[in-house]
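Notes to accompany the following structure.
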Amino acid sequence: MPELPEVETVRQGLAKWVAGRRIASVEVRHPRAVRRHLLGADHFADALAGRMVVDVCRRGKYLWLPLDSGDAVLGHLGMSGQLLMQPATVADEAHLRVRFTFDDGGPQLRFVDQRTFGGLSYSEGGAELPAEIAHIARDPMDPLFSDAEFVAALRRKRTEVKRALLDQTLISGVGNIYADEALWRAQLHWARATDALTKPAVGRLLGHVRDVLSEALVAGGTSFDALYVNVNGESGYFDRSLNAYGREGEPCPRCGTPMRREPFMNRSSFSCPRCQPRPRRGISPASRSGVGRGRPGCSSTDDSLASEPDNRDLTLRGSPRWASDR
DNA sequence: CCTGCCGCCTGCGCGC
DNA sequence: TGCGCGCAGGCGGCAG
């Protein structure tokens, strides 16, 4: 399940391998992989042939490849998507969906996706920020992310706190795993009402979200200079550092109480019954407040994690804000 | 306008 | 041994 750390790891690896290369041809092996592209697979392939990839950018869990035409290839990994660099001599993967070849004859870019929840599309004029994802909020690592705005927006919501963390229009990049981890660190139950949380409590939660994401990013980045850019979230290096997710019945690392698993949105939420007590009251019924306005923005992460030829220790390069922030 | 639920997919592991 | 079923889950669409 690629969330921000996994997608960012892929972005860094990809940028190093495809930026500045010209696409020779694109082969769509499975139409569902480009279902978001309404003009069809043929148009998708034709529009990309001859274009040069300028960079690789990310917004939340979306990636896009700005092209020299001012357009972009927009992609989402879904749950099982991978973007792999492979020499042409390597046999096709079982779930290869789209293949990009380059005019330099170097490694191919392959979109591989078992469950096909992910996909690619062609975004006209989307080099700066594809219109399709303009509604996605910035992520908490983004220098332009506003803590105060997030705190206010979350507290305006009439919902459960975990739903808010997963709401990509409020804060992007957080999925089920890191939401549970941040809530565990903040000692908040997932069903806590957003409008009943104090500003300091939301601020602390945000700090934990940031910590968890940055720690996982460091762990996921350990091998990103390999040719094979693995994106399968399940095989991440951060697994052993999880305190809550997937640990039903195991002792809470903080107090030793067996962790519980509860149904949540047709999936699961993991928490500690003692550290994260269930809220007494649920979501307040009705009462309306002001509107929230999303505003447009530019590309989020093309600078702070610039990839360099040899950067195993990405934690220290360019001293990203979150490395020293707490 | 806002919230919450559904459906999309496929592989894996479990129970019978 | 084989089969069916539950589960994993991000996100767009839509109902209420």
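Values below: every heavy atom of this structure, side chains too, minus hydrogens, waters and symmetry copies. Reminder, nothing fancy here: chain letters follow the sequence lines and each chain counts from 1.
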Quick test of your reading of the model: are [X] and [Y] salt-bridged, counting only N-O distances below 4.0 Å?
X: K61(A); Y: E3(A); value: no
X: R21(A); Y: D103(A); value: no
X: R22(A); Y: D104(A); value: no
X: D139(A); Y: R59(A); value: no
X: R32(A); Y: D113(A); value: no

Under 4.0 angstrom between K157(A) side-chain N/O and dC2(B) OP1 or OP2: no

Under 4.0 Å between a side-chain N/O of T116(A) and OP1 or OP2 of dC8(B), yes or no? no

Please give, in whole Å, the distance from [N] [atom2] to [X] [atom1]?
X: R35(A); N: dC9(B); atom1: CZ; atom2: P; value: 7 Å
X: E160(A); N: dC2(B); atom1: CD; atom2: C1'; value: 15 Å
X: F264(A); N: dG10(C); atom1: CZ; atom2: C1'; value: 12 Å
X: L170(A); N: dG4(B); atom1: CG; atom2: P; value: 12 Å
X: D113(A); N: dC11(C); atom1: CG; atom2: P; value: 13 Å

Do you see a donor-acceptor pair shorter than 3.5 Å between the side chains of D180(A) and S271(A)? no

Taking any heavy-atom pair under 4.0 Å as a contact, classify Y62(A): base, sugar-phosphate, or nothing. sugar-phosphate

So what does H30(A) touch, heavy atoms closer than 4.0 Å: a base, only the sugar-phosphate, or nothing? nothing

H95(A) side-chain proximity, nearest of dC5(B), dT10(B), dC11(C): dT10(B)

On DNA chain C, nearest-nucleotide positions of R261(A) versus M265(A): which is more 5'? R261(A)

Terminal helix-axis angle for the helix from dC2(B)-dG16(C) to dC16(B)-dG2(C), with five pairs defining each axis and rounding to 10 degrees: 50°

Is the base of dG10(C) touched by the side chain of R267(A) through a donor-acceptor pair closer than 3.5 angstrom? yes

